[in-house]
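Here is the structure we will look at.
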Amino acid sequence: MNQLEKHTILNHNDYLSTLNDPQREAVLHGEGPLMIIAGAGSGKTRVLTYRIAHLIENGVDPFRILSLTFTNKASGEMRHRIEGAVGTEARNIWMGTFHSVFAKILRIEARYLGYTSDFSIYDTDDSKSLLRSIIKEYNLDDKTYKANVVFNRISGAKNRLVSADDYINNPAIQADDEAAKMKEIGRLYKTYATRCFQANAMDFDDLLFNTNVLFRDFPDVLYKYQHKFQHVMVDEFQDTNVSQYLITRKLSAVHRNICVVGDDAQSIYAFRGANIENILNFEKDFPDVRTIKLEQNYRSTGTIVNAANSVIARNKSQLKKETFTANEEGSLIDVLKAGSDNEEGRLVATAIFEEKMQKALRNENFAILYRTNAQSRSFEEALRKLGIKYRIIGGQSFYQRKEIKDLLAYLRFTVNQRDEEAFKRIINLPKRGIGDSTVAKIAVAASENDLPIWDVVANIGNYASGRTITPIDQFATLIKSFKILVEEGKDAYEVAAHIAKASGILRELYEDKTVEGLSRYENVQELLNGIKEFVDNPESEDKTLSAFLQSVSLLTNADEPDDNNDNDRVTMMTIHSAKGLEFRNVFIVGLEEDLFPSQMMLESRQDLEEERRLFYVAITRAEKRLSFSYAESRYQWGRLKMCEPSRFLLEVDPKFLNASRILHGPERDSSQPAASSARNLVQRKSTEYKPVSNVAPHIPSEGFVPTDTFDLAEGDKVEHLKFGFGEVTKIEVNGSDRKATVKFDLVGEKTLLLSFAKLRILK
DNA sequence: TTAGCGCATCTTTTT
DNA sequence: GATGCGCTAA
């Protein structure tokens, strides 16, 4: 470290004086286990940053600090801030997400587990696609065995460290599956695991599962890392699952310097196996733990903090914690009520526009938070119309686009010819006349001769004859030529640029002159630029294609290629990805029953508490001003759905709501859903309906009537809040789905889901 | 045997 | 809005 850098180190007085007592105590805590229960906005990241800086100042080698987070965003932010405090030494800290850090370790130790260090990482799409083909091979009904469900069962098992054999031999699990009429899941799990292994591939859960196996079966390896990491820190501890917790516990068993930071009120990943119990178990596993609570909120106004507390207080399971703030009261929470999703978009966009003008704010001061990614559309359109720049985090991320995944599949297959999913993706791309049945034949030949698929492809002449031989042979030659580049030691960019051209991917996209084709071409170019950046970045020590793939497969939405110098944008994202962030003004939108709280969550887990914590997380993102919005109807799958306001609106203590300012825009909505493909437009035309205008705005002051159940019969006369008078022509009951077709005087026939419909029966 | 088209189906959240 | 599946023409 040079003199100048040393100068940037904060001295004790500088930073300690800015902390309150519990914060300072957490920073200065020396050896031994430490648990920090940190409420929202309590300066948690600052404490963690200073703590690490303090350790380094006191002589701890950065190489011997392991700091784990959940998102790339969070770890990038932390690294940046530590660098600000201690200089470039911060780069040496082992810091990253659980998945990226342990992927790195697995890559180093791969041979112990029978993998090579070039192993592929299957993303969720790869996993599901593999499962689909296994389900097909077993001739199981894909209606009962849905890839999604099977995948979730397997994932859940892995997160509890249940191997395929454990799964099959566990009577309780088997009884469970039997009850769900899916007793073959164990077999599917076993085959899935085998196929992943044969493909030299790990899925996301394997990265943690296999780390556990590595540390369990190879004490020497465990010993090495146990001694290496003198200090272990875990951020967002409430979101760790059993698998993650066991890894960190093992790693810190020698030095016992483990510091976990969490807030049980913000645990929102139970669906991924997160286990609040970990917080409770922690005190059992480390009886000498020092527990520090950070309860003062520095982020939000009094109104926001108190409103958040009024919501979370309804949860039964929680640790004792009193969050408070010394900040100003601030303004009340606005409630925006819209007639449709498009109008909701306009109301929010207008509110942003006006607030921006009045208070001279920047776009980046605003965030729109929603429960599901699909909700972003109406806000995009409205913001665009007002000329407000925005960015969307998440959703269909850059790395999930077809053209990107296609090129990445080529790169993956070049590095790892056993990667079955990559193979399936590229064997006939661009079209070279190798169809499904040919691929199936290759697979048969491979399993008959007990060889990897690639061995058959590379020597296709020995296994088949006929017309398909030529294109397969050409494909094999192509891949071999790519491999040679890698072996010659060319860097990731050189290889990738060559592959993009030689594979024909670029040419095919270039010839597609449609708007979509153009943007795909640009996306591929952008990926190549990204690879160039990776290669040119002095921080990446390993510039091989393999290293690039490892880093890129763990990137997701948070790490979109940046639009650089243009950061003044309104941010839109799901509440899940908003955790850890803060914005001056926040809009929580789509506050409708069954959307937020999500219907699925209520049906499958009966867990309203997690949804409520999610609401709590959303509220506490706001610094100065908070708005809620909901729509009375919204398009879903090309259909109009009637909505009830969310019960969560009622759970906020009304004294924090600005009920007098409930906004209601004019309903002159043509409600044309955005049509991206002509094909779907034709399909949608048949269900098109004419909107009705002028619904009397009703103000939810007293509360909302809970959804009624109706005893409808054909021939009943009904009144609908929005469509007027009508007569029921048909009733359909399909499981929990109850649909009524009603012929309205004004708008013709409508099919309504009864749970959503605002219907009144006329006697 | 492959490629292309129309149809049906399913939607939570993330690494 | 997106994706998989099955039918049909070449």
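Here is the naming used below: chain letters follow the sequence lines, and residue numbers restart at 1 for every chain. Just so we're clear, the structure is a prediction, and the values are computed from it rather than from any experiment.
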A:Ser577 side chain N/O closer than 4.0 Å to the phosphate oxygens (OP1, OP2) of B:dT13? no
Is there side-chain contact between A:Lys104 and A:Leu554, with heavy atoms separated by less than 4.5 Å? no
Is the shortest heavy-atom distance from the side chain of A:Phe70 to the side chain of A:Phe237 under 4.5 Å? no
Is A:Lys579 touching bases, backbone alone, or none of the nucleic acid, heavy atoms closer than 4.0 Å? nothing
How long is the line joining CG of A:Asn152 and P of B:dC10, in whole Å? 16 Å
Just N and O in the side chain of A:Thr438: are any of them under 4.0 Å from OP1 or OP2 of B:dT2? yes
Please verify the inter-ring angle class for A:Phe119 with A:Tyr115; under 30° counts as parallel, over 60° as perpendicular, anything in between as tilted. perpendicular
Grab the CD1-C1' distance between A:Ile268 and B:dT15 for me, whole Å please. 13 Å
Would you classify A:Phe98 as touching base, sugar-phosphate or nothing, given that sugar-phosphate means primed atoms plus P, OP1 and OP2, and contacts are heavy atoms under 4.0 Å? nothing
Mapping A:Ile434 and A:Leu614 to their closest nucleotides on DNA chain B, which lands nearer the 5' end? A:Ile434
Consider the side chain of A:Arg272, meaning its heavy atoms from C-beta on, and name the nucleotide among B:dT12, B:dG4, B:dT15 that approaches it most closely. B:dT15
I want to confirm an ordering. Mapping A:Ser598 and A:Ser437 to their closest nucleotides on DNA chain B, which one lands closer to the 5' end? A:Ser437
Nucleotide nearest A:His99 when distance is taken to its side chain, options C:dC5, B:dT15, B:dT13: B:dT15
For the side chain of A:Thr97, starting at C-beta, report the closest nucleotide among B:dT15, B:dT14, B:dA3. B:dT15
Contact under 4.0 Å: A:Asn373 side-chain N or O vs B:dT13 OP1/OP2: yes
Measure from the side-chain N and O atoms of A:Glu343 to the backbone N and O of A:Ala631, and report whether any donor-acceptor pair falls under 3.5 Å. no
When the distance from CD1 of A:Ile469 to P of B:dT1 is rounded to whole Å, what number comes out? 15 Å
Run the ring-centre check on A:Phe648 versus A:Phe628 and record whether the distance is less than 6.0 Å. no
Under 4.0 angstrom between A:Lys441 side-chain N/O and B:dT1 OP1 or OP2: yes
Using the side-chain heavy atoms of A:Lys146, tell me which of these nucleotides is nearest: B:dT12, B:dC10, C:dC5. B:dC10
Kindly confirm whether the side-chain ring of A:Phe271 is stacked on the base of B:dT13, judged by centres under 5.5 Å and planes under 30°. yes
Which nucleotide in the set B:dT13, C:dT3, B:dT15 lies at the smallest distance from any side-chain heavy atom of A:Thr574? B:dT13
From the candidates B:dG4, B:dT12, B:dT1, the one with an atom nearest any side-chain atom of A:Thr372 is B:dT12
Quick one: is B:dT15 close enough that its OP1 or OP2 comes under 4.0 Å of any side-chain N or O from A:Thr124? no
I need the NE2-P distance between A:His576 and B:dT12, as an integer number of Å. 12 Å
With respect to the side chain of A:Asn428, which nucleotide from C:dC5, B:dT12, B:dA3 is positioned closest? B:dA3
In whole angstrom, give the distance that lies between atom NZ of A:Lys431 and atom P of B:dG4. 6 Å
Indicate yes or no for a side-chain donor-acceptor contact from A:Asp419 to the backbone of A:Ala199 under 3.5 Å, with no hydrogens or angles considered. no
To the nearest Å, how far apart are A:Arg401 CZ and C:dT3 P? 12 Å
Any non-hydrogen side-chain atom of A:Asn152 less than 4.5 Å from a side-chain atom of A:Phe271? no
Pick base, sugar-phosphate or nothing for A:Asp436, based on heavy-atom distances below 4.0 Å to the nucleic acid. sugar-phosphate
So what does A:Phe596 hit on the nucleic acid, given a heavy-atom distance under 4.0 Å: a base, only sugar-phosphate, or nothing? nothing
Between B:dT2 (C1') and A:Ile472 (CD1): distance, integer Å: 14 Å
Rounded distance (Å) that lies between atom P of B:dT14 and atom CZ of A:Phe151: 14 Å
